[in-house]
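Everything quoted here is computed from the prediction, not taken from an experiment. Read the numbers this way: they start at 1 and go in the same order the structure lists the ligands and their atoms.
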Amino acid sequence: MTQRTVIENAAIATVDAHDTEHASGHVVLADDRIESIGPGRAPEGLENVVRCVDATGHLVTPGLVNTHHHFYQWITRGLATDHNLFDWLVALYPTWARIDEPMVRAAAQGSLAMMARGGVTTAMDHHYVFPRGCGDLAGTIIGVARDMGVRFTLARGSMDRGEKDGGLPPDFAVESLEDALAATEKTVRRHHDSSFGAMTQVAVAPCSPFSVSTELMRQGAELARRLGVRLHTHGSETVEEEKFCHELFGMGPTDYFESTGWLGEDVWMAHCVHMNDSDIEAFARTRTGVAHCPSSNARLAAGIARVPDLLAAGVPVGLGVDGTASNESGELHTELRNALLVNRLGPHREAALNARQALRLGTYGGARVLGREREIGSLEPGKLADLVLWRMDTLAHASIADPVTALVFGAAAPVTASFVNGRQIVENGRLLTADEDAIARSTREEARRLARIAAGS
Ligand SMILES: [Zn+2]
């Protein structure tokens, strides 16, 4: 029997195609779907209503969609804090190469818990470190997301260009081309669900041009298209990467991606900071998506991505936390604000982004980048019931009249409730699906254990 949840008296930002908003409206959830949404009270005579929520003082938005992350980095936060990307990677690779299954489980719990209680309903993890004999890391991460009730994409990463082949990672931290492809295919076949409303999807995701062979890029793209899944990698993050590509491949990153089959509407790429006009035109022409990670880009002094130009060209853009070794906060709702502020430091100044564009990046934009805009990313009848109730009547926000402005420009807003597939996973800022205090303890223990092992190696 259908079970309904009725939410009333809320300000609502639907983030639909017309940016429809209601100063005081209702949302009706029926099982895992949004049944109706609109101004005023919910329709009379609804049957099987199991819950009524008086959301006075709240803003309801679509759940946030994170499009780039590395969960395992939760246990290596706060290290190499004054480095650029390449120096930071070289400093951390030897530690990362020592991760094992209990460490990855704890780190995935920490990363996911932090995002979920801040309004993320769809998460992703780009995991690319698979030390020999480390167990089933992909299955472990997917299990954590399932237990927490968060919609999830695992981007099964890989690295096969170690130092001896001119790459950045140490040789002992990389897989062979054959092993990487075989393990990726196995993960897709075992875990990817292509159906409407899927809770778990898998993408093919070699790490970056400076840690992956050209052959793995090429064959990875072929594998993804053969299996019908999406492709993800890092691109055009720093000036050093651009230099690396010119020296090794005789071309810039975007041309290199195009030459290896890595531009297309089934591809999304993290960062895309150093893009010239023809790079942006190539992304727009091929509808390649971008995961914009403003805090990480600032932390590693990478630069400012040209988000206003990407949007003007029609490129799909979502937001990403990035790994928490380069964005220690691990939150996505604060990236709405950071995306807006960072882009206003660029050439477009105050016209770069507004509050509603920032909210769209973190919701519908992310859904588009993950290829799931028909299911999630906006509040519309028939879409999945992934939504957040942000509390706007406390000290932090109550004096700001416009709730979307309050959400984006103001302090990180408290989450009163968060729903995924109609199931409530957060209540009054606390996770209902996991024990945050137990996760805090286990992540601290695993971070210490990793530091000890890395120091002894
Ligand atoms: Zn990253």
**Message:** With ring pair (Phe, Tyr, Trp, His ring centres under 6.0 Å) as the rule and sequence neighbours excluded, what pairs involving residues 97-135 come up?
**Reply:**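 Sorted result for residues 97-135: His68-His126, His70-His126, His70-Tyr128, Tyr72-His127, Tyr72-Tyr128, His126-Tyr128, His126-His232, His126-His234, His127-Phe130.
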**Request:** Return each pair, listed once, that meets ring pair (Phe, Tyr, Trp, His ring centres under 6.0 Å) where at least one residue sits in residues 146-177; pairs must be two or more places apart or across chains.
**Result:**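 Pairs touching residues 146-177 that pass the test: Phe71-Phe152.
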**Message:** Using side-chain heavy atoms (C-beta onward) and a distance below 4.5 Å, is Asn297 in contact with Ile304?
**Reply:**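 Of all side-chain heavy-atom pairs linking Ile304 with Asn297, none is under 4.5 Å.
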Indicate every side-chain donor-acceptor pair of residues 414-421 with a distance under 3.5 Å to a residue at least two apart or in another chain.
from, atom 1, to, atom 2, distance (Å)
Thr416, OG1, His58, NE2, 2.7
Asn421, OD1, Arg151, NH2, 2.6

**Request:** Give every protein N, O or S atom lying under 2.8 Å from the Zn ion (ligand 1), naming each by residue and atom.
**Result:**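 Counting only protein N, O or S atoms under 2.8 Å from the Zn ion (ligand 1), the list reads His68 NE2, His70 NE2, His234 NE2, Asp322 OD1.
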**Request:** Would you mind checking if Arg117 and Glu436 are paired as a salt bridge, meaning a charged N to carboxylate O distance below 4.0 Å?
**Result:**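 Result for this pair is yes, salt bridge flagged.
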**Item:** Gln424 side chain vs Val426 backbone, donor-acceptor pair below 3.5 Å
**Value:**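 Looks like yes, one N/O pair under 3.5 Å.
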